[in-house]
Novice: 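Mind having a look at this structure? Questions to follow.
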Amino acid sequence: MLGDVTSAPIPHRHDLLDEPARRTPVLGDYEVVVLGGGPAGIAAAGAAARAGRSTLLVERYGFLGGMGTAADVTNFCGLHANVHGTIRQVVHGVADELLARIDRLGGLNTPHTVFGKTWAQAYDTSAYKIAADDLLVAAGAHLLFHALAVGTLMASPTRIAALLIETKSGRCAVRARCFIDASGDGDLAAWAGAPFEKGDAAGHLLYPSTIFRLSGVDPDRAGSDWSLIPRLMQQAEAEGRYRFPRKTPIVRPQKHATEWRVNLTQLANAAGDAIDGTDARQLSEAELLGRRQIAEVAGFLKEVPGFEDSYIVDIAPQVGIRETRRVRGLYQLTEGDVLGCASFDDTIGVNGWPLELHLKGDVEFRWPPIPQSRGFNHLPYRMTVPQGLDNLWVAGRCASMTHEAQSAARVSGACFVMGQAAGSAAALALAGGVTAAAVDPAALQRRLESDGAWLGID
C-alpha cells in the first residue's frame, strides 16, 4: 500500500479548494526514473540504461539539454581545468560521447579562453538536442517529454514508490525502485522530505539571467577584444543613455561567427533580491523583466563595432536559473573544498570551474591559486546521497553544496560527473539490493573508470 501523496506547494496560497479523491493510472514500472534532462539527467539516464537497467527520463520540455538549451547557455563550462598552468579537459565518460555526437553534427566550437585562466566550449543548441536524443536512445533509455512532475508517492518515510506527473494524456504515475533528481530545483527530493537549503546565510540566491542570441554580427569588425564592451557600457551609463542591470557582460561568438550569445541581464524581484525560481509568480515576472532588459541591451550593442546590423535571432525559452534548492546530503561541498582543490576518498570525478557568484549588479569570480595548484577539486559520492532517503540520488545544481560551492559546481562539467555517478550508483544499488548510502564507493569508482570517467586520482 502506498503512503501519503506529497506534491508541490502553491505559493502565496490564501484559500483552499477540496479536490475529489482520484485513482491515478500508472504509466509504467521501471528500475530507475530520472527527473530532468539537463547534463546531469542525460548522464544519469545514459549510465543507468547502459548498465542494463530499465530507465525512464522525465523531461518537462520537448527536448533535452536543461539550461544548456532551454536557457540558451550555449557553452559547456567546467569540462576543463587549469592544471598547474596547463589547461586540459578533466571531465570524461558520458560527456565525451555527447561532445563527439555534437561535433559530428558540426555543432561544436573549439574551446575558448575564459579570463586567460581556463576554457569553455560553445555549441549549437540544435545539435545538442539531436545529439542528446541519439545518445540516450542508443543507450536504451526511455524518454517521456512534455511531462511536468508534481509530486511523489511514498512507500515509507525513507523510500519513494512513484513519481506523479501531469501530461497531455492527463495525470499519471511512474513507479521505480530507484529515483534520481536531476531537476535542478531539487523538486523530487523536496517532495520526498529531504532537507534542503536555499541561498546564502541570509537567504540570498544567485541572480538569474535571460540569455539571448544575436545574428548579423560582422566577426571581422567585432574581433575578439570583448573588453571593449564594458568600456562602452560605462560610457553609455555616464552619459545617462543606458542603465545596465549588471556590470560584467558575457558576449561571445557561437559556432557560426556571425552569431553571438549575450548574457547581460540580471533578474530581481520587487524587493531587489534574486528571483526565486521555485515561486511561480516570481518566475512569471522574471520572464517579462528579462525580455524588457534584452530589448535595452540589444539596442546598446548596435553601438559596438561589428554589431551595427545585428538583430535578435533567439530569446531563451525560459529564464536561466542558477540556484534554488540545494538538497542536504551525506556531505556538503564547501567553498574551501573548491578553492583548496580538495581530495576525497569517494571521488566520482572533478570540478575545475571557479566560484562564479552572480551577486547584485555584478558577477564575482573566485579562483583557486593558478598556476600553483592543480586547479580542480574532487566531487565526493556522498554529495549525491540525500539525508534520510534510501532510493534517491541528487545530481546537478541541486546536489549537496553550500551556496558558494554551488556557484562553481553547478556548471555543466560537474553536472555530467554527478549524473553519471548517480546513474551508475543506482545500477549498483539494484544489483546489490542496498540503499544509496550503502553503495560501495570503490565499486562505483571501478564502474566509472571502466566507462571512461576520470576521477582525478592518477
Side-chain angles (χ1 to χ4, degrees), residues 32 34 36-53 55 57 64-66 68 76-81 83 87-104 108 111 119-121 123 128 131-141 178 180 182 343-344 346-353 375-384 393-397 399 409-429 431 439-458:
V32 180
V34 180
I42 292 168
R50 285 205 175 138
R53 299 298 173 177
T55 302
L57 188 150
L64 300 171
F76 290 125
C77 297
L79 294 176
H80 302 83
V83 184
I87 300 173
R88 64 184 180 93
Q89 187 178 337
V90 292
V91 174
H92 294 281
V94 173
D96 283 332
E97 299 176 45
L98 182 64
L99 291 172
R101 281 174 163 82
I102 297 173
D103 196 30
R104 285 198 294 272
L108 194 65
W119 288 341
Q121 193 160 18
Y123 55 82
Y128 186 176
D133 288 346
D134 181 58
L135 189 153
L136 290 188
V137 170
C178 293
I180 298 171
S343 295
F344 297 98
D346 60 340
T347 176
I348 52 174
V350 309
N351 163 62
W353 198 249
F376 63 80
N377 62 278
H378 288 168
L379 297 170
Y381 170 65
R382 289 164 292 161
M383 69 184 292
T384 70
W393 289 258
V394 288
R397 64 177 170 86
R410 63 179 172 79
V411 299
S412 47
C415 290
F416 282 125
V417 168
M418 289 183 269
Q420 183 167 353
S424 299
L428 289 173
V439 170
D440 178 16
L444 176 58
Q445 289 169 338
R446 290 192 294 271
R447 170 69 61 85
L448 290 171
E449 288 187 315
S450 70
D451 290 338
W454 187 68
L455 306 182
I457 54 179
D458 59 336

Novice: Distance check, rounded to the nearest 0.5 Å: Tyr128 atom OH versus Leu64 atom CG?
Specialist: 8.0 Å

Novice: Where is the tightest heavy-atom contact between Ala421 and Leu448, given as atom of each residue plus distance?
Specialist: CA-CD2, 3.8 Å

Novice: When rounded to the nearest 0.5 angstrom, what distance separates NE2 in His92 from CG in Leu455?
Specialist: 11.0 Å

Novice: Taking all non-hydrogen atoms of both residues, which atom of Ala81 and which atom of Gly375 are closest, and how far apart?
Specialist: CB-O, 3.8 Å

Novice: Closest heavy-atom contact between Val411 and Cys77?
Specialist: CG2-O, 3.4 Å

Novice: Rounded to the nearest 0.5 Å, what's the gap from CG on Leu98 to CG on Leu136? Could you check?
Specialist: 9.0 Å

Novice: Testing the basics here: between Ala138 and Arg101, what is the closest heavy-atom pair and its distance to 0.1 Å?
Specialist: CB-NH2, 3.8 Å

Novice: For Ala429, give me all partners under side chain to side chain contact (heavy atoms under 4.5 Å, CB included), at least two apart in sequence or on another chain.
Specialist: Trp393, Val434, Val439

Novice: What's the spacing between Ile348 CD1 and Leu379 CG if we round to 0.5 Å?
Specialist: 5.5 Å

Novice: Quick check on side-chain contact (heavy atoms from CB on, under 4.5 Å): which of Asp346, Thr347, Asp440 does Tyr381 satisfy it with?
Specialist: Asp346

Novice: What's the separation between atom CG in Leu57 and atom CD1 in Ile42, rounded to the nearest 0.5 Å?
Specialist: 8.0 Å

Novice: At their closest point, which heavy atom of Phe76 faces which heavy atom of Ser412, and how far apart are they?
Specialist: CA-OG, 3.4 Å

Novice: Mind checking what makes side chain to side chain contact (heavy atoms under 4.5 Å, CB included) contact with Ala427, not counting sequence neighbours?
Specialist: Ala51, Arg53, Arg447

Novice: Is there side-chain contact between Gln89 and Gln121, with heavy atoms separated by less than 4.5 Å?
Specialist: no

Novice: Sequence neighbours left out, what passes side chain to side chain contact (heavy atoms under 4.5 Å, CB included) with Ala395? Give chain and number order.
Specialist: Ala40, Met418, Ala422

Novice: Is it true that a side-chain atom of His378 and a backbone atom of Phe344 form a donor plus acceptor pair closer than 3.5 Å?
Specialist: yes

Novice: About how many Å separate CG of Leu135 and CG of Leu99, when rounded to the nearest 0.5 Å?
Specialist: 10.5 Å

Novice: Minimum heavy-atom separation for Gly396 and Cys415, please, with both atom names.
Specialist: CA-SG, 3.6 Å

Novice: Take the angle between the ring planes of His80 and Trp119 and call it parallel below 30°, perpendicular above 60°, tilted in between.
Specialist: perpendicular

